[in-house]
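Since the structure is predicted, the reported quantities are computational estimates derived from the model, not experimental observations.
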Protein chains: 2
Amino acid sequence: MSLQTELTATAAVPLSAAARKFIVHWGEMGSPWGVNRTVAQIHALLYIAPRPLTAEEIAGTLSVARSNVSTSLRELQGWGIVRVAHVLGDRRDYFESMRDVWEMFRIILEERKRREVDPTLAVLRECVALLDRARPADAEAKQRLSELLEFMETMDSAYREFRTLSIADLRRFLKLRGGMRKVAGLILSR
Amino acid sequence: MSLQTELTATAAVPLSAAARKFIVHWGEMGSPWGVNRTVAQIHALLYIAPRPLTAEEIAGTLSVARSNVSTSLRELQGWGIVRVAHVLGDRRDYFESMRDVWEMFRIILEERKRREVDPTLAVLRECVALLDRARPADAEAKQRLSELLEFMETMDSAYREFRTLSIADLRRFLKLRGGMRKVAGLILSR
DNA sequence: CTCCGATTTCAGAATATACTGAAATTACAG
DNA sequence: CTGTAATTTCAGTATATTCTGAAATCGGAG
(Lines give C-alpha, C1' and ligand atoms only; values in the text may rest on other atoms or scores of the structure.)
Protein backbone atom coordinates (compact mmCIF):
# COMPACT_ATOMS: atom_id res chain seq x y z
CA MET A 1 0.00 0.00 0.00
CA SER A 2 1.35 3.40 -0.95
CA LEU A 3 2.20 5.93 1.74
CA GLN A 4 -0.51 8.32 0.57
CA THR A 5 -3.45 5.95 0.51
CA GLU A 6 -3.61 5.12 4.22
CA LEU A 7 -7.14 4.14 5.15
CA THR A 8 -9.05 6.83 3.27
CA ALA A 9 -11.72 5.18 1.15
CA THR A 10 -12.74 8.39 -0.64
CA ALA A 11 -9.76 10.71 -0.61
CA ALA A 12 -11.39 14.16 -0.54
CA VAL A 13 -9.44 17.39 -0.27
CA PRO A 14 -10.79 19.83 2.36
CA LEU A 15 -12.29 23.00 0.87
CA SER A 16 -13.07 26.37 2.40
CA ALA A 17 -16.49 27.97 1.85
CA ALA A 18 -14.93 30.39 -0.63
CA ALA A 19 -13.31 27.57 -2.57
CA ARG A 20 -16.62 25.71 -2.80
CA LYS A 21 -18.41 28.84 -3.97
CA PHE A 22 -15.84 29.43 -6.70
CA ILE A 23 -15.90 25.83 -7.93
CA VAL A 24 -19.70 25.77 -8.09
CA HIS A 25 -19.85 29.06 -9.97
CA TRP A 26 -17.10 28.09 -12.41
CA GLY A 27 -19.03 24.91 -13.09
CA GLU A 28 -22.18 26.87 -13.91
CA MET A 29 -20.29 29.21 -16.23
CA GLY A 30 -18.96 26.24 -18.16
CA SER A 31 -21.96 25.70 -20.47
CA PRO A 32 -21.82 29.01 -22.35
CA TRP A 33 -18.14 28.31 -22.89
CA GLY A 34 -18.82 24.90 -24.33
CA VAL A 35 -17.46 22.80 -21.46
CA ASN A 36 -19.68 20.79 -19.18
CA ARG A 37 -20.03 21.30 -15.47
CA THR A 38 -17.66 18.57 -14.33
CA VAL A 39 -14.87 19.68 -16.65
CA ALA A 40 -15.21 23.27 -15.46
CA GLN A 41 -15.34 22.23 -11.79
CA ILE A 42 -12.22 20.11 -12.12
CA HIS A 43 -10.44 23.00 -13.74
CA ALA A 44 -11.53 25.32 -10.92
CA LEU A 45 -10.38 22.84 -8.28
CA LEU A 46 -6.98 22.29 -9.86
CA TYR A 47 -6.53 26.01 -10.38
CA ILE A 48 -6.86 26.83 -6.67
CA ALA A 49 -5.32 23.64 -5.28
CA PRO A 50 -2.02 24.22 -3.45
CA ARG A 51 -0.53 21.06 -4.99
CA PRO A 52 -1.23 18.65 -7.89
CA LEU A 53 -4.08 16.22 -7.19
CA THR A 54 -4.76 12.62 -8.16
CA ALA A 55 -7.85 11.66 -10.13
CA GLU A 56 -9.04 9.81 -7.02
CA GLU A 57 -8.81 12.98 -4.92
CA ILE A 58 -10.64 15.01 -7.54
CA ALA A 59 -13.46 12.44 -7.72
CA GLY A 60 -13.76 12.34 -3.93
CA THR A 61 -13.71 16.12 -3.54
CA LEU A 62 -16.29 16.82 -6.24
CA SER A 63 -18.37 13.67 -5.65
CA VAL A 64 -18.28 12.44 -9.23
CA ALA A 65 -17.36 9.06 -10.65
CA ARG A 66 -13.73 8.23 -11.11
CA SER A 67 -14.37 7.49 -14.78
CA ASN A 68 -15.97 10.87 -15.29
CA VAL A 69 -12.85 12.50 -13.87
CA SER A 70 -10.70 10.51 -16.27
CA THR A 71 -12.67 11.68 -19.30
CA SER A 72 -12.81 15.28 -18.11
CA LEU A 73 -9.09 15.42 -17.39
CA ARG A 74 -8.44 14.18 -20.89
CA GLU A 75 -10.53 17.03 -22.26
CA LEU A 76 -8.70 19.60 -20.13
CA GLN A 77 -5.39 18.19 -21.33
CA GLY A 78 -6.74 18.50 -24.86
CA TRP A 79 -7.29 22.19 -24.25
CA GLY A 80 -3.72 22.37 -22.98
CA ILE A 81 -4.52 23.97 -19.64
CA VAL A 82 -4.00 20.93 -17.41
CA ARG A 83 -1.01 18.61 -17.39
CA VAL A 84 0.22 15.50 -15.62
CA ALA A 85 2.87 15.66 -12.93
CA HIS A 86 4.48 12.86 -10.96
CA VAL A 87 5.66 12.31 -7.43
CA LEU A 88 8.81 10.28 -6.80
CA GLY A 89 7.96 6.74 -5.73
CA ASP A 90 4.26 7.10 -6.58
CA ARG A 91 2.82 5.39 -9.62
CA ARG A 92 -0.31 7.53 -9.75
CA ASP A 93 -0.79 10.47 -12.09
CA TYR A 94 -1.08 13.86 -10.44
CA PHE A 95 -2.75 16.73 -12.28
CA GLU A 96 -2.11 20.43 -12.12
CA SER A 97 -3.60 23.45 -13.84
CA MET A 98 -1.71 26.14 -15.65
CA ARG A 99 -1.29 29.10 -13.27
CA ASP A 100 -0.87 32.09 -15.55
CA VAL A 101 -4.37 33.46 -16.30
CA TRP A 102 -3.16 35.51 -19.26
CA GLU A 103 -1.60 32.49 -20.88
CA MET A 104 -4.72 30.45 -20.16
CA PHE A 105 -6.86 33.13 -21.76
CA ARG A 106 -4.69 33.12 -24.84
CA ILE A 107 -4.80 29.35 -25.18
CA ILE A 108 -8.58 29.22 -24.83
CA LEU A 109 -9.02 32.03 -27.36
CA GLU A 110 -6.78 30.25 -29.83
CA GLU A 111 -8.59 26.97 -29.38
CA ARG A 112 -12.04 28.52 -29.78
CA LYS A 113 -10.94 30.33 -32.90
CA ARG A 114 -9.72 27.06 -34.35
CA ARG A 115 -12.94 25.22 -33.51
CA GLU A 116 -15.51 27.90 -34.25
CA VAL A 117 -14.20 30.78 -36.34
CA ASP A 118 -12.06 28.90 -38.86
CA PRO A 119 -14.80 26.44 -39.93
CA THR A 120 -17.29 29.29 -40.23
CA LEU A 121 -14.91 31.27 -42.44
CA ALA A 122 -14.57 28.22 -44.66
CA VAL A 123 -18.34 27.79 -44.97
CA LEU A 124 -18.89 31.48 -45.68
CA ARG A 125 -16.29 31.43 -48.45
CA GLU A 126 -17.99 28.42 -50.01
CA CYS A 127 -21.41 30.06 -49.80
CA VAL A 128 -20.25 33.33 -51.33
CA ALA A 129 -18.53 31.42 -54.13
CA LEU A 130 -21.73 29.48 -54.82
CA LEU A 131 -23.77 32.67 -54.86
CA ASP A 132 -21.47 34.30 -57.38
CA ARG A 133 -23.15 32.29 -60.14
CA ALA A 134 -26.61 32.53 -58.66
CA ARG A 135 -29.90 34.00 -59.84
CA PRO A 136 -30.77 37.64 -59.12
CA ALA A 137 -33.27 36.46 -56.48
CA ASP A 138 -30.30 35.55 -54.28
CA ALA A 139 -28.70 38.98 -54.49
CA GLU A 140 -29.69 39.86 -50.95
CA ALA A 141 -28.29 36.63 -49.49
CA LYS A 142 -25.06 37.18 -51.38
CA GLN A 143 -24.75 40.73 -50.08
CA ARG A 144 -25.43 39.67 -46.48
CA LEU A 145 -23.02 36.73 -46.55
CA SER A 146 -20.31 38.84 -48.17
CA GLU A 147 -20.61 41.42 -45.42
CA LEU A 148 -20.50 38.75 -42.74
CA LEU A 149 -17.45 37.20 -44.37
CA GLU A 150 -15.68 40.52 -44.61
CA PHE A 151 -16.41 41.22 -40.95
CA MET A 152 -15.07 37.87 -39.82
CA GLU A 153 -11.97 38.21 -41.98
CA THR A 154 -11.26 41.60 -40.45
CA MET A 155 -11.63 40.13 -36.97
CA ASP A 156 -9.44 37.22 -37.90
CA SER A 157 -6.61 39.42 -39.17
CA ALA A 158 -6.84 41.68 -36.15
CA TYR A 159 -6.62 38.62 -33.94
CA ARG A 160 -3.56 37.35 -35.80
CA GLU A 161 -1.78 40.60 -35.09
CA PHE A 162 -2.91 40.76 -31.53
CA ARG A 163 -1.49 37.26 -31.14
CA THR A 164 1.99 38.47 -32.10
CA LEU A 165 2.14 40.75 -29.05
CA SER A 166 3.88 39.29 -26.03
CA ILE A 167 1.71 38.62 -23.00
CA ALA A 168 3.64 41.40 -21.24
CA ASP A 169 2.84 43.96 -23.97
CA LEU A 170 -0.75 42.86 -24.19
CA ARG A 171 -1.11 43.23 -20.46
CA ARG A 172 0.44 46.68 -20.47
CA PHE A 173 -1.79 47.77 -23.33
CA LEU A 174 -5.01 46.58 -21.73
CA LYS A 175 -4.06 48.10 -18.41
CA LEU A 176 -3.50 51.55 -19.90
CA ARG A 177 -6.23 53.89 -18.71
CA GLY A 178 -7.44 55.83 -21.70
CA GLY A 179 -5.64 53.41 -23.98
CA MET A 180 -8.45 53.23 -26.49
CA ARG A 181 -8.76 57.00 -26.59
CA LYS A 182 -5.05 57.27 -27.30
CA VAL A 183 -5.30 54.74 -30.06
CA ALA A 184 -8.15 56.68 -31.57
CA GLY A 185 -6.22 59.95 -31.33
CA LEU A 186 -2.85 58.71 -32.49
CA ILE A 187 -3.77 56.29 -35.19
CA LEU A 188 -7.26 56.84 -36.44
CA SER A 189 -7.67 60.57 -36.91
CA ARG A 190 -4.97 61.11 -39.47
CA MET B 1 -58.80 35.48 -46.02
CA SER B 2 -55.82 37.78 -46.35
CA LEU B 3 -54.25 38.40 -49.72
CA GLN B 4 -50.99 36.72 -48.74
CA THR B 5 -52.40 33.44 -47.47
CA GLU B 6 -53.77 32.04 -50.74
CA LEU B 7 -53.85 28.25 -50.63
CA THR B 8 -50.40 27.50 -49.21
CA ALA B 9 -50.77 25.12 -46.29
CA THR B 10 -47.11 25.31 -45.22
CA ALA B 11 -45.75 28.65 -46.40
CA ALA B 12 -42.07 27.87 -47.04
CA VAL B 13 -39.63 30.36 -48.51
CA PRO B 14 -37.47 28.96 -51.37
CA LEU B 15 -33.79 28.65 -50.46
CA SER B 16 -30.70 28.29 -52.63
CA ALA B 17 -28.13 25.60 -51.84
CA ALA B 18 -25.80 28.25 -50.42
CA ALA B 19 -28.54 29.63 -48.18
CA ARG B 20 -29.30 26.16 -46.83
CA LYS B 21 -25.62 25.50 -46.19
CA PHE B 22 -25.26 28.75 -44.28
CA ILE B 23 -28.38 28.18 -42.17
CA VAL B 24 -27.35 24.65 -41.24
CA HIS B 25 -23.84 25.74 -40.29
CA TRP B 26 -25.04 28.72 -38.27
CA GLY B 27 -27.37 26.36 -36.41
CA GLU B 28 -24.48 24.06 -35.53
CA MET B 29 -22.35 26.95 -34.33
CA GLY B 30 -25.13 28.03 -31.99
CA SER B 31 -24.33 25.68 -29.10
CA PRO B 32 -20.90 27.05 -28.19
CA TRP B 33 -22.50 30.50 -28.22
CA GLY B 34 -25.21 29.46 -25.83
CA VAL B 35 -28.14 29.51 -28.26
CA ASN B 36 -29.87 26.38 -29.49
CA ARG B 37 -30.03 25.22 -33.06
CA THR B 38 -33.48 26.55 -33.89
CA VAL B 39 -32.74 30.02 -32.53
CA ALA B 40 -29.51 30.20 -34.51
CA GLN B 41 -31.17 28.90 -37.69
CA ILE B 42 -33.96 31.44 -37.46
CA HIS B 43 -31.42 34.17 -37.02
CA ALA B 44 -29.50 32.96 -40.06
CA LEU B 45 -32.66 32.80 -42.15
CA LEU B 46 -33.81 36.28 -41.20
CA TYR B 47 -30.35 37.67 -41.75
CA ILE B 48 -30.20 36.58 -45.39
CA ALA B 49 -33.92 36.95 -46.22
CA PRO B 50 -34.65 39.70 -48.75
CA ARG B 51 -37.74 40.77 -46.78
CA PRO B 52 -39.21 40.34 -43.29
CA LEU B 53 -40.83 36.92 -42.75
CA THR B 54 -43.85 35.73 -40.77
CA ALA B 55 -43.51 33.11 -38.04
CA GLU B 56 -45.52 30.79 -40.27
CA GLU B 57 -43.03 31.17 -43.12
CA ILE B 58 -40.10 30.59 -40.80
CA ALA B 59 -41.69 27.42 -39.41
CA GLY B 60 -42.44 26.13 -42.91
CA THR B 61 -38.98 26.91 -44.25
CA LEU B 62 -37.08 25.35 -41.36
CA SER B 63 -39.57 22.54 -40.68
CA VAL B 64 -40.05 23.28 -37.00
CA ALA B 65 -43.20 23.76 -34.96
CA ARG B 66 -44.91 27.10 -35.07
CA SER B 67 -44.72 27.31 -31.28
CA ASN B 68 -41.01 26.68 -31.33
CA VAL B 69 -40.59 29.61 -33.72
CA SER B 70 -42.59 31.81 -31.39
CA THR B 71 -40.36 31.02 -28.41
CA SER B 72 -37.17 31.36 -30.43
CA LEU B 73 -38.21 34.72 -31.90
CA ARG B 74 -38.88 35.95 -28.41
CA GLU B 75 -35.34 34.98 -27.43
CA LEU B 76 -33.85 36.72 -30.46
CA GLN B 77 -35.85 39.82 -29.63
CA GLY B 78 -34.50 39.53 -26.09
CA TRP B 79 -30.98 39.69 -27.50
CA GLY B 80 -32.07 42.74 -29.46
CA ILE B 81 -31.00 41.49 -32.89
CA VAL B 82 -34.45 40.73 -34.31
CA ARG B 83 -37.46 43.00 -34.35
CA VAL B 84 -41.07 43.00 -35.46
CA ALA B 85 -42.17 44.81 -38.59
CA HIS B 86 -45.64 45.18 -40.06
CA VAL B 87 -47.16 45.26 -43.50
CA LEU B 88 -50.08 47.59 -44.22
CA GLY B 89 -53.36 45.72 -44.20
CA ASP B 90 -51.85 42.55 -42.70
CA ARG B 91 -52.47 41.57 -39.10
CA ARG B 92 -49.55 39.18 -38.91
CA ASP B 93 -46.22 39.99 -37.33
CA TYR B 94 -43.27 40.05 -39.68
CA PHE B 95 -39.76 39.61 -38.34
CA GLU B 96 -36.48 41.00 -39.58
CA SER B 97 -32.89 40.72 -38.40
CA MET B 98 -30.53 43.57 -37.78
CA ARG B 99 -28.36 44.03 -40.86
CA ASP B 100 -25.21 45.68 -39.55
CA VAL B 101 -22.79 42.91 -38.51
CA TRP B 102 -20.63 45.28 -36.47
CA GLU B 103 -23.59 46.47 -34.48
CA MET B 104 -24.77 42.89 -33.99
CA PHE B 105 -21.33 41.91 -32.76
CA ARG B 106 -21.36 44.75 -30.26
CA ILE B 107 -24.80 43.87 -28.95
CA ILE B 108 -23.92 40.20 -28.50
CA LEU B 109 -20.66 41.07 -26.75
CA GLU B 110 -22.48 43.41 -24.40
CA GLU B 111 -25.13 40.84 -23.60
CA ARG B 112 -22.64 38.06 -22.95
CA LYS B 113 -20.61 40.30 -20.68
CA ARG B 114 -23.75 41.08 -18.70
CA ARG B 115 -24.74 37.43 -18.40
CA GLU B 116 -21.35 35.82 -17.88
CA VAL B 117 -18.60 38.22 -16.90
CA ASP B 118 -20.46 40.46 -14.46
CA PRO B 119 -21.80 37.61 -12.27
CA THR B 120 -18.35 36.00 -12.23
CA LEU B 121 -16.74 39.25 -11.12
CA ALA B 122 -19.25 39.46 -8.28
CA VAL B 123 -18.54 35.91 -7.14
CA LEU B 124 -14.78 36.40 -7.32
CA ARG B 125 -15.01 39.54 -5.19
CA GLU B 126 -17.04 37.65 -2.60
CA CYS B 127 -14.60 34.77 -2.57
CA VAL B 128 -11.55 36.99 -2.19
CA ALA B 129 -13.28 38.90 0.62
CA LEU B 130 -14.06 35.63 2.40
CA LEU B 131 -10.49 34.44 2.02
CA ASP B 132 -9.10 37.63 3.52
CA ARG B 133 -9.94 36.32 6.97
CA ALA B 134 -9.05 32.71 6.21
CA ARG B 135 -6.50 30.25 7.58
CA PRO B 136 -2.99 30.07 6.12
CA ALA B 137 -3.93 26.77 4.45
CA ASP B 138 -6.04 28.79 2.02
CA ALA B 139 -3.22 31.13 1.01
CA GLU B 140 -2.84 29.47 -2.38
CA ALA B 141 -6.54 29.69 -3.18
CA LYS B 142 -6.55 33.35 -2.17
CA GLN B 143 -3.58 34.12 -4.38
CA ARG B 144 -5.10 32.31 -7.38
CA LEU B 145 -8.50 33.92 -7.04
CA SER B 146 -6.96 37.37 -6.58
CA GLU B 147 -5.01 36.97 -9.79
CA LEU B 148 -8.06 35.77 -11.66
CA LEU B 149 -10.08 38.71 -10.32
CA GLU B 150 -7.40 41.19 -11.31
CA PHE B 151 -7.27 39.71 -14.80
CA MET B 152 -11.01 39.92 -15.26
CA GLU B 153 -11.14 43.47 -13.92
CA THR B 154 -8.46 44.51 -16.39
CA MET B 155 -10.43 42.93 -19.22
CA ASP B 156 -13.59 44.56 -18.00
CA SER B 157 -12.09 48.07 -17.94
CA ALA B 158 -10.49 47.58 -21.33
CA TYR B 159 -13.85 46.51 -22.67
CA ARG B 160 -15.56 49.56 -21.18
CA GLU B 161 -13.16 51.82 -23.04
CA PHE B 162 -13.38 49.88 -26.23
CA ARG B 163 -17.13 50.30 -25.96
CA THR B 164 -16.83 54.10 -26.06
CA LEU B 165 -15.34 53.97 -29.57
CA SER B 166 -17.79 54.47 -32.41
CA ILE B 167 -18.39 51.51 -34.67
CA ALA B 168 -16.69 53.50 -37.43
CA ASP B 169 -13.52 54.06 -35.35
CA LEU B 170 -13.50 50.48 -34.15
CA ARG B 171 -13.79 49.27 -37.70
CA ARG B 172 -10.99 51.52 -38.89
CA PHE B 173 -8.77 50.43 -36.03
CA LEU B 174 -9.29 46.70 -36.60
CA LYS B 175 -8.77 47.11 -40.32
CA LEU B 176 -5.41 48.81 -39.91
CA ARG B 177 -2.70 46.47 -41.09
CA GLY B 178 0.08 46.57 -38.54
CA GLY B 179 -2.26 48.27 -36.09
CA MET B 180 -1.16 46.27 -33.13
CA ARG B 181 2.50 46.88 -33.91
CA LYS B 182 1.81 50.59 -34.04
CA VAL B 183 0.05 50.51 -30.73
CA ALA B 184 2.99 48.69 -29.26
CA GLY B 185 5.43 51.19 -30.73
CA LEU B 186 3.57 54.38 -29.94
CA ILE B 187 2.10 53.62 -26.58
CA LEU B 188 3.88 50.80 -24.88
CA SER B 189 7.58 51.42 -25.32
CA ARG B 190 7.84 54.66 -23.44
C1' DC C 1 5.02 -14.48 -16.86
C1' DT C 2 1.85 -13.16 -12.98
C1' DC C 3 -0.08 -9.98 -10.04
C1' DC C 4 -2.09 -5.75 -8.79
C1' DG C 5 -2.96 -0.96 -8.63
C1' DA C 6 -4.04 2.73 -11.84
C1' DT C 7 -6.42 4.19 -15.72
C1' DT C 8 -9.54 4.07 -19.58
C1' DT C 9 -13.44 2.48 -22.18
C1' DC C 10 -18.10 1.93 -22.92
C1' DA C 11 -23.04 0.37 -22.55
C1' DG C 12 -26.76 1.71 -20.15
C1' DA C 13 -29.03 4.97 -16.71
C1' DA C 14 -29.94 9.50 -15.26
C1' DT C 15 -30.50 14.06 -16.29
C1' DA C 16 -31.09 18.20 -18.91
C1' DT C 17 -32.60 20.44 -23.02
C1' DA C 18 -35.32 21.15 -27.01
C1' DC C 19 -39.50 20.47 -29.46
C1' DT C 20 -44.31 19.48 -30.48
C1' DG C 21 -49.28 19.94 -30.59
C1' DA C 22 -53.27 21.11 -28.26
C1' DA C 23 -55.43 24.45 -25.60
C1' DA C 24 -55.63 29.16 -23.94
C1' DT C 25 -55.13 33.86 -24.85
C1' DT C 26 -54.93 37.99 -27.48
C1' DA C 27 -56.55 41.40 -30.51
C1' DC C 28 -58.79 42.92 -34.32
C1' DA C 29 -62.79 43.04 -37.94
C1' DG C 30 -67.39 43.24 -38.46
C1' DC D 1 -70.52 41.55 -28.52
C1' DT D 2 -69.18 37.60 -31.71
C1' DG D 3 -66.20 35.27 -34.64
C1' DT D 4 -61.76 34.33 -36.27
C1' DA D 5 -56.90 34.64 -37.33
C1' DA D 6 -52.64 35.16 -34.97
C1' DT D 7 -49.90 34.26 -31.23
C1' DT D 8 -48.38 32.33 -26.87
C1' DT D 9 -48.27 29.02 -23.19
C1' DC D 10 -47.39 24.71 -21.39
C1' DA D 11 -47.63 19.70 -20.33
C1' DG D 12 -45.92 15.87 -22.28
C1' DT D 13 -42.59 13.67 -25.54
C1' DA D 14 -38.42 13.27 -27.96
C1' DT D 15 -33.72 14.02 -28.25
C1' DA D 16 -29.13 15.01 -26.72
C1' DT D 17 -25.86 15.18 -23.16
C1' DT D 18 -23.68 13.80 -19.09
C1' DC D 19 -22.60 10.51 -15.71
C1' DT D 20 -21.99 6.01 -13.56
C1' DG D 21 -20.18 1.45 -12.61
C1' DA D 22 -18.49 -2.68 -14.39
C1' DA D 23 -15.28 -4.62 -17.34
C1' DA D 24 -11.17 -4.18 -20.15
C1' DT D 25 -6.64 -2.43 -20.65
C1' DC D 26 -2.32 -0.74 -19.26
C1' DG D 27 2.09 -0.95 -17.11
C1' DG D 28 5.40 -1.64 -13.66
C1' DA D 29 7.19 -4.82 -9.71
C1' DG D 30 8.65 -9.02 -8.49
Does a side-chain N or O from A/Thr38 land closer than 4.0 Å to OP1 or OP2 of D/dC19, or not?
yes
Just to be sure I understand the rule, does A/Asn36 reach a base, reach only the sugar-phosphate, or reach nothing, if contact means heavy atoms closer than 4.0 Å?
sugar-phosphate
If you look at every strand shown and take non-hydrogen atoms under 4.0 Å, does B/Arg66 touch a base, only sugar-phosphate, or nothing?
base
Heavy-atom neighbours of A/Arg37 CZ exceed 12 at 6.0 Å
no
Distance check needed: [N] [atom2] versus [X] [atom1], whole Å only.
X	N	atom1	atom2	value
A/Leu76	C/dT8	CG	C1'	16 Å
A/Ile58	C/dA6	CD1	C1'	14 Å
A/Glu56	C/dT7	CD	P	8 Å
B/Leu73	D/dA6	CG	C1'	13 Å
A/Leu53	C/dT7	CG	P	13 Å
A/Asp90	D/dG27	CG	P	17 Å
A/Arg92	C/dT8	CZ	P	14 Å
B/Leu88	C/dA29	CG	C1'	15 Å

Residues A/Lys113, A/Glu110: salt bridge by 4.0 Å N-O rule:
no
Are B/Arg92 and B/Glu57 close enough for a salt bridge, meaning some N to O gap below 4.0 Å?
no
Between A/Arg37 and A/Thr54, which has a closest nucleotide on DNA chain C that is more 5'?
A/Thr54
Rounded to the nearest 0.5 Å, the NE2 atom of A/His86 sits from the OH atom of A/Tyr94 at a distance of 10.0 Å
Assuming nearest nucleotide by heavy-atom distance, tell me which of A/Val39 and B/Ser70 is located more 5' along DNA chain D.
B/Ser70
Nucleotide nearest [X] (side chain, heavy atoms from C-beta), chosen from [options]:
X	options	result
A/Asn68	D/dT9, D/dA22, D/dC19	D/dC19
B/Asp93	D/dT7, C/dC10, D/dC19	D/dT7
A/Arg74	D/dT20, C/dC19, C/dT9	C/dT9
B/Ser67	C/dA22, C/dT9, D/dA6	C/dA22

For the side chain of B/Arg66 and the backbone of B/Ala59, is there at least one donor-acceptor N/O pair under 3.5 Å apart?
no
Assess whether one donor atom and one acceptor atom, taken from the side chain of A/Arg91 and the base of D/dG28, lie less than 3.5 Å apart.
no
